[in-house]
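Reading through the structure tokens given below for one structure.
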Amino acid sequence: MDPFSAEGELLNLHNHFHQGQFQEAVDFDTAGLSPENALPARVLSLRAQIALGQAEDVIADVQGEKEPELLAVSALAELAAGNESKAVTFAEGLAKDSGENSVVQVLAGTVLQAARNSEEALALLSKHQGNLEAVALIIQIQLQQNRTDLALKEVQAARRWAQDSLLVNLAESWVGLRMGGEKYQQAFYVFEELAQAAATSSVQSVISQAVAEIHLGRLDEAEAALQQATAKDPKQADLIVNNIVLNTIAGKDTTELKSTLTSVAPNHHFLTDIQEKSELFDKAATKYSAKAAA
Amino acid sequence: MASSSPNMLTKFESKSSRAKGIAFHPKRPWILVSLHSSTIQLWDYRMGTLIDRFEEHDGPVRGIDFHKTQPLFVSGGDDYKIKVWSYQTRRCLFTLNGHLDYVRTVFFHHELPWIISSSDDQTIRIWNWQNRSLICTMTGHNHYTMCAQFHPKDDLVVSASLDQSVRVWDISGLRKKHSAPTSMTFEDQMSRANQNQADMFGNTDAVVKFVLEGHDRGVNWVAFHPTLPLIVSAGDDRLVKLWRMSETKAWEVDTCRGHFQNASGCLFHPHQDLILSVGEDKTIRVWDLNKRTSVQSFKRENDRFWVIAAHPEINLFAAGHDNGVMVFKLERERPASAFYQNNLFFITKEKHVRSYDFQKNIESPTLLTLKKLGSPWVPPRTLSFNPAERAILVTSPADGGSYELINLPRDGTGAIDGADTKRGQGNSAVFVARNRFAVFNASNQQIDIKDLSNSTTKTIKPPHGTTDIYFGGTGNLLLITPSAVHLYDIQQKKSVAELAVSGVKYIVWSNDGLYAALLSKHNVTIVTKALEQVSTLHETIRIKSATWDDAGVLLYSTLNHIKYTLLNGDNGIVRTLDQTVYLVRVKARTVYCLDRNAKPKILNIDPTEYRFKMALVKRNYEEMLQIIKNSSLVGQSIISYLQKKGYPEIALQFVQDPQTRFELAIECGNLDVAVEMAKQLDKPKLWSRLTTEALAHGNHQIVEMTYQKLRQFDKLSFLYLSTGDEAKLGRMAKIAEHRGDFTARFQNALYLGDVTDRIQMFKEIDLYPLAFMTAKSHGLEDECESILEATGLTEEQITLPSMGSPLTPPKPVVQTFKANWPTKATSQSFFEKALLGQVDGLTLEDEPAAASNGLGFDDTGDEDLTNRNGNLEDADDDEDAAGWDMGDDIVPEVESDFVNVESTEAGGAASSEADLWARNSPLAADHVAGGSFETAMQLLNRQVGAVNFEPLKPRFLEIYEASKTYLPASAGLPPLINYVRRTVDETDPRKVLPIIPQDIESLATYDLQKGYKAMQSNKLEECAQIFKRMLFALLVNTVSSPSEVVEAKKLITSACEYSIAMAIELSRRNLGSNEEVAKSPEKLKRSLELSAYFTIPKLEVAHRQLTLVSALKSAWTNKNYNSALSFANRMLANGGNAKMLENARKTKAQCERNPNDTLEIEFDQFAEFDICAASHTPIYSGSPFEVCAFDGSKYHSKYKGTVCTVCEVCEVGKNGSGLKLVA
């Protein structure tokens, strides 16, 4: 039986993790679990630790372990710790040796994708046997490749066998935010439901809700949501970025937010992107000049 | 006495039955002709076409007239009827009945709604055509009245009758009665009514003023002089009589004798002191009004003349005769002229020789008068100039043709008679060398070459039938005969070349002397100096003149156009003309010409089109680039022109429409573009055309992609086979398997030499015998066994045919599929490269080196090719997978499989939504949001001439930053980027568009008010900043509807006005503190001026008041009471704050006591002016100025090309296509 299904012991842990409630996932009491679930629970807990930025601890924790699941965790931890090449070597090895292991698929797939090796990641993930995590990851990768059409197919297929599970809902919302129209509203409902219930709320879900609201053009609501998230964790990079976007749209000053972001996450995609565009602008602008000097 | 001139300048002739009445349309080139056959014809005499016929009269129509302003005309006929017609609706509006006999003439009144008619019933009647009533019957003549006309200004009528008298009638009573009704008492009305009845005989509305007797027979026609108190009449006594009248009396002045039959019509020349008359003696005669002597007469062989009419405006007449009408003019209107370098020499209407300097645009005073040349009424025909001697040679057609050789004085001192002149007989005379000229005499067919002392040095017999001579290059003459032009060498005395061109009238040499244009009435023939024909063209409208551009383009004028033709015969219209002109010179955008009054005129033209075509012909790519860059040369015509002329690759640069681009790309073999466009359009038809083209090029990578698009599996397999791509062939086999297409599978297996798959397939479709044979022939004994086992047979039971050797597919020798074959450099021209180069930031100056030699071409081509291939591969990889998912769902399940197969190898990424934005929208803001800054800049540059983008950087980045959100998704991966749309409800990827921050609404409600507030609180620098930011935000923005565009434009205008106002006031404040300013008179003057200018920009009224208060204050304190007064007046006119107004009123009162300025400043309160945004000085209306294409701020012309000081982005005077804010 799938340990993550509605009747499974690990449902809550699983949900905590995917809702972005990483601390709750770490704190999850694993003592009473049946022995076959001990390892998956440990893996999830370790992943939550990595998400919380404690990659070094995790590396130490899994040192010397031989299970492919834990090796995969260590690959992920190396990635999070900034040792990308090491992580990729790990992941590639695991993909070759234990490509059928679902944890390896997801974690190694994540590492490969993070290292911008989408093809290998997809190849690995496509081996999955009814693993929702892998499906969600595939969808995310496809979205990153701007293949909304493929992602949509993947979601629809998953929806057929996994029905109303959390990950399917999330993945569908991700796709929805790409498609737009009515899908914005549906995505919003999913995120809002998560964000506004105390048991499931997390910074991540509140940000997601705010993003959906930005896309819906409801700037005031989005601002309220982002404030709510700021109250929880003001240093979250994605939060700050979306705050910048929102303020820009509303025509407000973003200088302070930008400097905060630079200190929190100097390598954030937003900053590098803007930097690149700024250079592009300067380069493009030099092609034009007035015929006569003033 | 009468000197006859056989050369009547006939412009139009019609053939019909006898023409009895003629009327010119005052504006259009139309005449109405009423015929004896009851028809009324409407002709276009310029085109020579019959526009319409009106046939409702019964019997001859004698009277006809156009209304001056309305689309009406009136006719009167032998059916006693007067009909009023509309030529627009082409029908008779109504008929005026009343005359009891033939109607002879009808005329409209020049201002009142009246018609006057004369009739054989001896009456003259005046009708009101508005209420269609008879308002006056004038009786008195006791025979047929043949003609009656209104005076052009006064309340007079003149009439002629067969009773031998001419009568002048006073109709002021009639006007009084019928105009301006004042309130009348009942009694008045009664008496008026009674009076009317009494009028029947005791007429007071129209009374005879004078009776002019002098003709011995009936009088046929009579006419007033347009301005002088003169009357002319023509009668059956064959005389034309001139009469003069004063207030009280009228008398006969003189008689013009000459007609030897009844004189039937006469009139005064509208502009010159001439009388024209026609008669049954078949002549048209022209008389000198002052001397009453015959000036000219023209005789027709067989046709008696019945009527003559003059055009009211231009120099045209029409005469009606037994077989139709003729339209003619009395004299040539082409002023004789010649130009040398920068000077034009020409002869005015007054026969003065003048010159005109093209560089200074000044006309000289009269250099010389030619009063004595020829007869006074015949203008000189040609002028030839000799720069070495500063002499002119003038010919006149008078007295059988004569010429005069005159030295021009250095500078004009007024009317000098050509003292030292040499003259002689001749029809044409031209200088052929520095000290020789040729004179042609038509009567004895002889050309004399003369030296400057007018003695003949050589005599030439020209070819038979020569009509005219022209300069033919040094030492040569061009001789014109009716059917040919000869190039005649004077030294060798023989014709060295001959070209059959008929009817040449003028010859115009190009400035470099290499080409000449031969002009005939409807043809322009361009020849080389050796008289070899280069090109020829035909015009339906008459060609009047021509001149050469310095670049070798011929500009010629027709009656109503200036056109151009290139040497290769390509021609087109440059501009239309309101009136006929004679071109003399063209320099850049200016055409110099002489009009029919011999006045030099300057016309502006846009030479872009022919310059571009010229550059194209000469392959002058730099110039083409320059033109493309600097002008908005777009449009269907230029595209089709380029395509037609075989430059599809250049046309490609102008086209946006993907379909057309595709066609052009295919035509010029530019596969990259074709692929790009085909992807955009994605139509099977296009893909198959692309396939054909790519196959022809041998570009198998594109062929592969198109086959994929078209799902042509078999072709694809074969392509892979032929390119040796076994891996893909294998995949094709797999696909065939998925599709369950056994034929395809078999085929692929054959290609691959895959025996097992073939056997497997035969087994699957139960073709065991074939499976067995295949296995057997390839020696697969195990397989044979298993087949036998499956079918339950033994080998003995089967009879086998004899075996051949098994089929082995060829092995690829070269891995062709890895790269495209090196194909020939497709027609990627220098031009195209240069354009691309331009995008890459190459400056134009870099290119001539590459262009100057032909070799550079090939190199660049090759280099480019490799690049192209490289690019193509990339594109191909990207699109490999994408190719499959867009087609229709023939095999939906296989589809995704295939995609996976492909995408494991080639990246499956597609273009992001941001890329779509740029594709979906023509608006700069959307391109910015999509991150495509280069194209956005290009758009802005084209639209409003934006050149300085630096200030827009924050705006660009702001839009870009607002375009994407970051959605946290799976832990451990970067957030998902989503694209924020303004089209929230839109899901069609071809229609989605990005959000643009700071929309019009927020700018109008928030920023504008903020700006106003800053202004109100005197924070001018802040205010200036706010409006500048607004301009930036507006420049890169979008709106949702055309109505918002209007709003946006308003915002731009007011932001601009405020910006200028702030800049003026800030520069005033920067002059220094009050004390400093007060010390320096210069600064004080400037300060006062600036404070005055501050009131000029169109600010909100409340703010204008503030500017006025400030201006008033400084004017008052510096005792400039006059200015202060004007400010006070303006304040009072504006109204508003009571206290402020009270102050103004007080100041006004004080100023009025002494309305003088102590310090003269440049501020004319009464003049209309704008403020130059750069210099802050006035631009008075009427003086030239340049504008910024974006914000509309105005500049003195000298600021053209600088960056606009208001928006800081656009180039002043660079006209674009206009800012686009809505798609």
Side-chain angles (χ1 to χ4, degrees), chain A residues 17 20 47 50-51 76 79-80 110 113-114 118-119 122-123 126 136-137 140 143-147 149-150 153 174 177-181 184 204 207-208 211 214-217 238 241-242 244-245 248-251 269-270 274 277-278 280-281 283-294, chain B residues 838-839 841 885 896 899-900 903-905 907-913 931 933-934 937 941 946-950 953 956-958 960-962 964-981 984-987 992 995 997-998 1002 1006 1174 1200-1203 1205 1211 1214:
Chain A
F17 180 76
R47 286 172 68 190
I50 296 171
L76 185 66
L79 177 79
T110 307
Q113 170 64 14
S118 304
E119 281 95 67
L122 281 175
S126 62
L137 212 51
Q140 181 168 1
L143 286 178
Q144 241 152 23
Q145 293 182 322
N146 294 310
R147 298 306 307 269
D149 47 342
L150 301 183
K153 270 184 205 139
W174 300 339
L177 282 183
R178 277 294 173 85
M179 294 171 62
Y184 282 151
Q204 183 182 328
I207 295 174
S208 303
V211 166
I214 291 176
H215 282 274
L216 282 162
D238 289 339
V241 168
N242 286 312
I244 294 175
V245 174
T248 312
I249 294 174
H269 177 260
F270 177 84
I274 292 295
K277 286 291 169 190
S278 162
L280 171 70
F281 181 96
K283 185 167 164 258
T286 53
K287 289 171 203 159
Y288 299 90
S289 63
K291 246 187 267 154
Chain B
Q838 181 193 354
V839 173
D885 58 52
S896 56
V899 169
N900 278 341
S903 59
T904 49
E905 186 186 82
S911 50
S912 76
E913 186 169 327
F933 290 0
E934 294 100 327
M937 286 179 185
N941 181 269
V947 288
N948 180 29
F949 285 97
E950 198 47 43
K953 188 170 177 180
F956 268 52
L957 291 179
E958 171 183 79
Y960 184 71
E961 282 168 16
K964 293 186 284 192
T965 59
Y966 293 79
L967 179 71
S970 304
L973 283 183
L976 268 174
I977 292 170
N978 286 310
Y979 301 89
V980 192
R981 303 170 183 167
V984 171
D985 299 325
E986 188 59 67
T987 53
V992 294
I995 194 159
Q998 305 220 43
S1002 83
Y1006 179 68
K1200 184 180 168 77
T1202 63
V1203 172
T1205 57
E1211 186 179 313
K1214 182 161 178 169

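Please read all numbers here as calculations on a predicted model, not as lab measurements. In the text below, chain A, chain B and the rest are named by the order of the sequence lines, each starting its count at 1.
- Heavy atoms only, all atoms of each residue included: A:Val245 and B:Thr965 are closest at CG1-CG2, 4.3 Å.
- Looking only at heavy-atom pairs under 4.5 Å with chain B, the residue among A:Leu76, A:Leu143, A:Ile274, A:Leu216 that has the most is A:Ile274.
- Neither the backbone nor the side chain of A:Ser118 comes within contact range of chain B; no heavy atoms are under 4.5 Å apart.
- Looking at A:Ala80, there are no atoms closer than 4.5 Å to chain B (heavy atoms on both sides), in backbone or side chain.
- Of the atoms belonging to A:Ile50, not a single heavy atom falls under 4.5 Å from chain B.
- The choice from B:Glu913, B:Lys953, B:Glu950, B:Lys1200 that makes the most heavy-atom pairs within less than 4.5 Å of chain A is B:Lys953.
- For B:Ile977, the parts lying near chain A are the backbone and the side chain together; criterion is any non-hydrogen pair under 4.5 Å.
- Using a 4.5 Å cut-off between heavy atoms, B:Glu961 contacts chain A through both its backbone and its side chain.
- Of all heavy-atom pairs between A:Trp174 and B:Ser970, the closest is CH2-OG, 3.6 Å.
- For a residue to count as touching a neighbouring chain, one of its non-hydrogen atoms must lie under 4.5 Å from one of that chain's; by this rule A:Thr110 touches chain B with backbone and side chain alike.
- Between A:Met179 and B:Arg981, the closest heavy-atom pair is O-NH1, 2.8 Å.
- Ring planes of A:His215 and A:Tyr184: tilted class, angle from 30 to 60°.
- When only modelled atom types and interatomic distance are considered, A:Gln140 and A:Gln113 share no side-chain donor-acceptor pair under 3.5 Å.
- Of the listed residues B:Tyr960, B:Phe956, B:Tyr979, the one with more heavy-atom pairs under 4.5 angstrom with chain A than any other is B:Tyr960.
- The two atoms that bring B:Leu976 and B:Ala969 nearest to each other are CD1-CB, 4.1 Å, heavy atoms only.
- Only the side chain of A:Phe17 comes within contact range of chain B, with heavy atoms under 4.5 Å apart.
- In terms of heavy-atom proximity, A:Thr248 sits nearest to B:Glu958 at CG2-O, 3.1 Å.
- Highest contact tally toward chain A, considering only B:Leu957, B:Asp985, B:Leu967, is held by B:Leu967 [criterion: heavy-atom pairs under 4.5 Å].
- Options B:Tyr966, B:Phe949, B:Phe933 differ in how many heavy-atom pairs under 4.5 Å they form with chain A, and the most are formed by B:Tyr966.
- Listed options B:Asn948, B:Val980, B:Asn978, B:Thr987 were ranked by heavy-atom pairs under 4.5 angstrom with chain A; first place goes to B:Asn978.
- A:Leu79 and A:Ala114 make their closest contact through CD2-CB, 3.6 Å (heavy atoms, listed as atom of the first residue, atom of the second, distance).
- With chain B as partner, the option from A:Leu137, A:Asn242, A:Thr286, A:Asp238 having the largest number of non-hydrogen pairs under 4.5 angstrom is A:Asn242.
- Side-chain contact between B:Met937 and A:Phe281 is present, with heavy atoms from C-beta onward closer than 4.5 Å.
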